[in-house]
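Since this is a predicted model, take the numbers as computed values, not measurements. Naming: A, B, ... by sequence-line order, numbering from 1 per chain.
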Number of protein chains: 2
Amino acid sequence: MGVSLKDIALRAGVSLATVSNVVNGYRPVGEATRVRVQQAIDELGYVPNLSARHLRSGRTGIIALAIPELDNPYFAELAGYAIREARSLGYTLLLEYTDSDRATELTLAEGNRSQIIDGLILSPVQLTRADVLARRSTTPLVLIGENVAEVPHDHIAIDNVAASHVAVQHLVSLGRRRIAFLGAHADTVRQPSRLRLRGYQEALATAGLPVEESLIGTASRFGRLDGLTAMRGMLARAEPPDAVFAYNDLIALGAMRAVTEAGLRIPEDIAVIGFDDIEEGRFSNPTLTTIAPDKERIGRVAVGSLIARVEGNAAEPGEVQPSFRLVTRESTLGRFTPAPPSR
Amino acid sequence: MGVSLKDIALRAGVSLATVSNVVNGYRPVGEATRVRVQQAIDELGYVPNLSARHLRSGRTGIIALAIPELDNPYFAELAGYAIREARSLGYTLLLEYTDSDRATELTLAEGNRSQIIDGLILSPVQLTRADVLARRSTTPLVLIGENVAEVPHDHIAIDNVAASHVAVQHLVSLGRRRIAFLGAHADTVRQPSRLRLRGYQEALATAGLPVEESLIGTASRFGRLDGLTAMRGMLARAEPPDAVFAYNDLIALGAMRAVTEAGLRIPEDIAVIGFDDIEEGRFSNPTLTTIAPDKERIGRVAVGSLIARVEGNAAEPGEVQPSFRLVTRESTLGRFTPAPPSR
């Protein structure tokens, strides 16, 4: 086996945990200590390697999180929580990008990385329940998001219909009556879009408001440009909306730009609410009202469930439904009153 | 060896490339074809695996890109280009997150993932030139960004001093005289911040303007909140600036929020320019003038150089300096004239 971490700890006069932190980079170590450990490593000729613990178990200590969009901060924020949780449990989490591509999702689900990862967290877009049921790979799999449910794997997703209800009810409570939905998707496989549209329709019905087809804007993707384009189209119509519920914050931010470009005021002329609570919406002009899913819980539970399964400590797979909350900001409640310049 | 991709291609009546695309998820494949290939896979009992090509060569077909910040879209955009380039060359690129942590950077540079990756692209923050020179791992390494240079590895970075010159000159050309820099870093190890500050100082000197310490705002991190905080502090002073050159777009966007909150106008009272050209700045109110590094070139060259080295086709390591350009938008040139609502 050559030099062990324990040999290094003895030579450097530090704890095994400290050596492990230096070697595996799990936690920061003070510079003086790090130098002492590195000296011991150099003197003993130790080559950093997968940690002994993982080697003994036949595991690599690496898990993967496969996300469909790189340019959506929602997934970057979620990944941040997942990476921190994995580190605290002694694992490394690597990110894989599927680009919402069905073949890539299938390949990953089928375990083509099984030599290098102990388990996979997948946020599928095009994968179907039937695909997951037909899966033959035995690599532990956790699913996040709304596209695939009722499968024998841990599955984590918020209640999208209920969250959309809350968003639309907020607009109704502010007296808005012509409420648009931006981000319907022609491809009905896209569950989140379908569920949020359903929540929108149900909330309008509850409020006694009609569902007008002309107030439902479709998008093929879910970025800022899609929001800008859809909103421009809607503003060109005879009677524009007085409020917008956007599928996500990126679409909402694009829509806000279109409203501002058209010389209209937010929220006086058109109120806007998004979904995801990405950081950008806390700094935009105006700041963006949104639905905030508990991203930290989603990331932590996904990693915790996966590692429990990897280590054989998991019970039956189950569904976890993290909470969400409404975060009200200027895009629905109105702009701050400008303070006089402080001089 | 069991069933080969060629066996599957013969059975499904498609090309080997098509089978490879289905199995490895490199490129989308039509649904009918995919089903035919999947049937052949099922009938022959093939288990998807690392591709035969990589197995023969002793390689895994996987490379890693280690980035210091997950919440900065600059790195997500760069990673997007790198991932696409890797796919087009038949490799998978996985993302690793260092959190700007020295121990993590050292561990990665020392090759602790060498069993599972063929090579590493690293964007270091705290790693020093000495660390890289002392490296013993033989796993191919490519460095991006400004922190480490003049090492026997391919290194890719734009000319930060020159780019900062261009940014400040743009503000000078608009008649601004009290130009602030936001995002100086107390830790002088942070090269990019130091280089951009130097470019700022040199450009002021060239324009015959004094460098005022009160117009240099420090930040410990480089996010929107840091920009907001630094700008609020500067606006509380006796004589605020008439323009801001921000270390990056995130700081610029935070600063714009502070200016708007204070009831001041952009650019009439304070013009703002950022650095990175992240997508957000094309949709913000106002849109953000910025320096646009050629991210596509950085991502593609990093991957191309690394894979050439992995496959033994690389010449001596070299320095590559991708170009940059000034992108002018509303935050310095002024807001659009609001069009009358189109009805």
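- Looking at A:S137, neither its backbone nor its side chain comes within 4.5 Å of chain B, counting heavy atoms on both sides.
- For the options A:Q38, A:R224, A:E96, heavy-atom pairs under 4.5 Å to chain B are most numerous at A:R224.
- By number of non-hydrogen pairs under 4.5 angstrom with chain B, the leading residue of A:L65, A:D71, A:D269, A:L106 is A:L106.
- A:L250 has its side chain out of reach of B:F283: every pair of non-hydrogen atoms, C-beta onward, lies at least 4.5 Å apart.
- Per-residue heavy-atom pair counts under 4.5 Å with chain B were compared for A:E280, A:E239, A:R34, and the maximum is reached by A:E280.
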(request) Any chance you could lay out the salt bridge (Lys or Arg N to Asp or Glu O under 4.0 Å) test for A:R257 and B:E330, step after step, and finish with the verdict? (result) CA-CA 13 Å; A:R257 176 72 196 159; B:E330 295 167 0; 2.5 Å; yes
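- For B:E31, the part sitting under 4.5 Å from any heavy atom of chain A is the side chain, from C-beta outward, and nothing else.
- In this structure, CD in B:E279 is found 10.0 Å from CG in A:L253, a value given to the nearest 0.5 Å.
- Looking only at side-chain heavy atoms (C-beta outward), A:D99 and B:R87 come within less than 4.5 Å of each other.
- Chain B forms more heavy-atom pairs under 4.5 Å with one residue of A:L93, A:L108, A:L225 than with any other, namely A:L225.
- Heavy-atom proximity under 4.5 angstrom to chain B picks out A:A76, A:A79, A:G80, A:I83, A:R84 from residues 75-85 of chain A.
- Proximity of B:I62 to A:I116: side-chain heavy atoms (C-beta onward) are separated by under 4.5 Å at one or more points.
- Of the residues considered (A:R102, A:R282, A:M256), A:R102 shows the highest number of contacts with chain B, using heavy-atom pairs under 4.5 Å.
- If you measure heavy-atom distances from B:L228 to chain A, the contacts under 4.5 Å come from the side chain alone.
- One distance of note links CG of A:N285 with CG of B:N285; it measures 7.0 Å at 0.5 Å rounding.
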